[in-house]
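Scroll down for the structure; my scribbles are underneath it.
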Amino acid sequence: MDQNNSLPPYAQGLASPQGAMTPGIPIFSPMMPYGTGLTPQPVQSTSSLSILEEQQRQQQQQQQQQQQQQAAQQSTSQQATQGTSGQTPQLFHSQTLTTAPLPGTTPLYPSPMTPMTPITPATPASESSGIVPQLQNIVSTVNLGCKLDLKTIALRARNAEYNPKRFAAVIMRIREPRTTALIFSSGKMVCTGAKSEEQSRLAARKYARVVQKLGFPAKFLDFKIQNMVGSCDVKFPIRLEGLVLTHQQFSSYEPELFPGLIYRMIKPRIVLLIFVSGKVVLTGAKVRAEIYEAFENIYPILKGFRKTT
Amino acid sequence: MSGGGRGRCPDCGCAELVEDSHYAQSQLVCAECGCVVSEGLLTTTFADEGNLREVTYSRSTGENERVSHSQQRGLRRVRDLCRVLQLPSTFEDTAVSYYQRAFQHPSLHAARLQKKEVLVGCCVLVTCRQHNWPLTMGTICTLLYANLELFSGTYLQIVKVLGLDVPALSLADLVKTYCSSFKLFQVSPSVSVKFVEDKEKMVSRTLQLVELASETWLVTGRHPVPVITAAAYLAWRSLQPGGRLTCSLSRFCKLAGVDLPHPAHLRVQELLAILLRMAGQLAWLRILNLDKQTVVKHIGDLLQHRCILLRQAFRDEAEEEEGDGEEAGSSTLGTLEKKRPASSPPPLLPPCMLRPPKRPCPTPADSSITGDEDISDSEIEQYLRTPREIRDFQRAQASSQAVPCHPAPS
């Protein structure tokens with residue numbers, strides 16, 4: 001066929017692959033055409049303990065919680081941010097205490113946490129990973145509650161850019177916390193780039209204050225965090241082809257399009273980008289706990305794909 | 001034929017009204033008592049349709065039954081594409097059904113024509129993948145003159161929207177198809193005798209090299225075609241090293257009549273590095289002090305013993321950790337050196353993990369921000385322009401806007 005010659009990159013032959021229909025001896029692990037059977041959802045994989053073990057753990061946890069609650073209350077603000085890796089088991093543990101009273105969060109971590117007195121678990125998959133995902137970006141919205149004149153804002157503020165032909169909002173940036181805001185003429189504002197929820201709130205308040213000083217009756221209504229992005233490194237390579245075979249319903253791996261595997265976890269509703277180097281990006285969370293929970297769900301699955309055989 | 005929605009019989013009160021025609025005049029008759037309820041009816045759409053009278057297209061459901069022009073065109077394109085690719089006829093029907101389903105879906109029904117064109121390719125690709133027919137996205141994009149970005153977006157959308165189970169591209173079949181497209185198997189004006197190769201031998205050796213690459217983390221996360229090009233190049237050279245060692249990758253691609261994908265150079269280097277490590281484990285090759293050119297001569301031997309050589313050449317990190325956790329006695333894998341000094345074999349990792357990080361990861365600042373702190377006025381004022389600056393800015397804006405208003409001198 002003459003068309004073969006003119007095909008640009010990555011196009012292979014169009015001749016009907018006679019041999020391809022019946023591959024003969026499958027040298028590679030055969031890709032089952034219509035996916036494997038149903039696999040349990042990720043959440044179930046962590047509760048692989050027997051009931052007795054879980055009761056034991058819960059008793060221990062209750063003892064530790066009483067001890068740690070005092071310590072946690074003293075330093076809640078510190079615990080809210082990332083600690084050094086040496087403290088991560090504790091940090092992880094007390095994090096649940098600070099976020100538990102928040103409305104809307106169901107009892108988190110029915111799966112085991114690291115106990116203070118380490119016991120050798122019967123099933124290694126039940127250990128917590130000891131790795132805490134770091135938050136990289138927080139997107140939040142707030143309503144300033146009044147109509148704004150974007151031309152005036154762009155004229156009188158130093159840190160604003162406004163190009164109505166390109167985008168119908170003013171782009172404003174502040175240095176501390178290092179964030180960017182999109183301010184719309186309706187009075188709504190989107191704030192991006194913060195590394196924690198508190199930073200995002202502080203930044204949004206600073207933007208509102210700037211708009212106030214420019215002469216508008218700006219308020220601070222309905223501050224809401226819309227999206228949180230976190231990332232971490234499991235420090236071992238991952239066989240993405242194997243992962244997409246066993247978790248076909250949740251994963252999408254197209255090496256021709258993107259080098260990472262896109263894993264859509266159902267509970268919690270988080271999208272994870274998993275790369276061969278072991279780096280994992282988690283996004284789509286509304287609260288920090290969802291990111292931690294999603295990572296704890298995916299870690300045992302990833303460990304299962306650690307070996308090359 | 002049921003008259004359930006038409007009311008009840010005035011005589012016996014039953015709801016079973018049946019349409020019947022008496023000498024071509026339609027009547028509504030009660031099924032129980034036979035009383036004629038009505039003949040020559042009121043004009044409702046149901047009544048109209050029931051009595052074979054015309055109803056306007058917009059008030060009918062004909063829209064759902066007829067296939068629109070746009071959809072017809074799309075279905076024709078699907079069939080044409082299947083014929084161009086010389087796919088079996090069963091594929092055509094599957095692809096057509098996927099296209100119909102996708103077209104009906106609300107999110108794709110109102111899409112632009114460009115996207116519907118790309119949708120054609122996506123349906124064909126899904127069909128081929130499900131039948132393990134090795135078709136790359138690059139091929140379809142070039143056939144449709146489509147942008148790969150638009151194609152990828154539409155493809156991911158259609159997989160999610162239709163809930164399709166699409167298996168991965170089967171690498172073995174892709175190798176066979178790709179290698180079969182090379183023009184190296186017959187003597188021709190451009191291909192001299194020393195470059196001609198037997199197809200079976202070349203395909204089998206390429207397959208082995210691709211399998212080696214996938215075991216050593218060179219395939220995961222990367223586009224498959226450059227790996228296959230690199231493997232084919234090395235396989236071809238190793239089958240007759242005599243005349244071919246000096247042939248470069250670009251020359252090989254020209255001979256074979258395929259395009260040279262840009263990452264293929266890197267894949268060749270990575271494969272050669274793996275082969276050199278493996279060669280270091282064979283005593284008779286260690287003496288020869290092989291380099292990247294000369295190792296090609298011994299690829300045949302290396303591939304024959306690749307399983308053992310791989311295990312010896314690279315320590316398996318996961319196995320080692322388990323071994324350390326257990327008793328501190330002798331290691332179970334006697335041939336491997338488990339000590340830390342430089343003689344220990346390197347870990348088998350993907351190349352992205354072996355390279356040192358480009359920049360140090362910034363440690364997160366240990367900030368104790370509560371979000372409700374006071375904001376000082378001076379901090380905010382640094383972001384506001386002074387009146388003087390505002391005047392200067394306005395003047396500058398006015399002058400820059402005034403310039404293009406001057407009429408051009410003719």
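Every chain is numbered from 1, with letters handed out A, B, ... down the list of sequences. Remember, it's a predicted structure, so these values are computed and weren't measured experimentally. Hydrogens, waters and symmetry mates are skipped; everything else that's a heavy atom, side chains included, is used.
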Seminar exercise, completed: The reported gap from CD in A:Glu256 to CG in B:Leu169 (rounded to nearest 0.5 angstrom) is 5.5 Å
Problem set entry | Any donor-acceptor N/O pair, A:Arg209 side chain to B:Ile375 backbone, under 3.5 Å | yes
Exercise. Rounded to the nearest 0.5 Å, how far apart are CD of A:Glu254 and CE of B:Met137?
Worked result: 4.0 Å
For this session: Mind checking the CZ-CG spacing from A:Arg205 to B:Asp372? Nearest 0.5 Å is all I need.
Result: 5.5 Å
For this session: Please lay out, stage by stage, how A:Arg158 and B:Glu389 fare under the test salt bridge (charged side-chain N to carboxylate O under 4.0 Å, His left out).
Result: CA-CA 9 Å; A:Arg158 281 185 187 148; B:Glu389 279 179 15; 3.0 Å; yes
Problem set entry | Heavy-atom check, side chain of B:Tyr383 versus side chain of A:Arg175, under 4.5 Å | yes
For this session: Under 4.5 Å heavy-atom distance to chain B, tell me which part of A:Ile174 shows up: side chain, backbone, both or neither.
Result: both
For this session: Please state whether the side chain, the backbone, both or neither of A:Ala208 comes within less than 4.5 Å of a heavy atom of chain B.
Result: neither
For this session: Check each atom of B:Phe393 against the heavy atoms of chain A and say whether the ones under 4.5 Å are side chain, backbone, both or neither.
Result: side chain
Exercise. Are any non-hydrogen side-chain atoms of A:Asn159 and B:Gln382 less than 4.5 angstrom apart?
Worked result: no
Problem set entry | Partners passing side-chain contact (heavy atoms from CB on, under 4.5 Å) against B:Cys352 (at least two apart in sequence or in another chain) | A:Val276, A:Ser277, B:Pro350
Exercise. By a 4.5 Å heavy-atom criterion (distance strictly below it), what part of B:Leu156 contacts chain A: side chain, backbone, both, or neither?
Worked result: side chain
For this session: Check A:Pro255 against B:Arg222 and note the closest heavy-atom contact, atom names and distance.
Result: CB-O, 3.3 Å
For this session: Kindly say whether B:Val166 contributes a backbone atom to a donor-acceptor pair with the side chain of A:Gln248 at under 3.5 angstrom?
Result: yes
Exercise. Given a strict heavy-atom distance threshold of 4.5 Å, which part of B:Ser180 is in contact with chain A: side chain, backbone, both, or neither?
Worked result: neither
Exercise. Can you say whether B:Tyr155 sits under 4.5 Å from chain A via the side chain, the backbone, both, or neither, judging by heavy atoms?
Worked result: side chain
Problem set entry | Separation between CD of B:Glu215 and CZ of A:Arg239, rounded to the nearest 0.5 Å | 7.5 Å
For this session: Below 4.5 Å from any heavy atom of chain B, which atoms of A:Tyr253 appear? Answer side chain, backbone, both or neither.
Result: side chain
Problem set entry | Check: B:Val159 and A:Ser252 side chains under 4.5 Å, non-hydrogen atoms | no
For this session: Considering only heavy atoms and a distance below 4.5 Å, find which of B:Pro351, B:Pro224, B:Gly221, B:Pro387 pairs most often with chain A.
Result: B:Gly221
For this session: Quick one: pull up CD in B:Gln394 and CG in A:Leu155 and give me the separation to the nearest 0.5 Å.
Result: 4.5 Å
Problem set entry | Nearest-0.5 Å distance, OG1 of residue B:Thr220 to CG of residue A:Leu261 | 11.0 Å
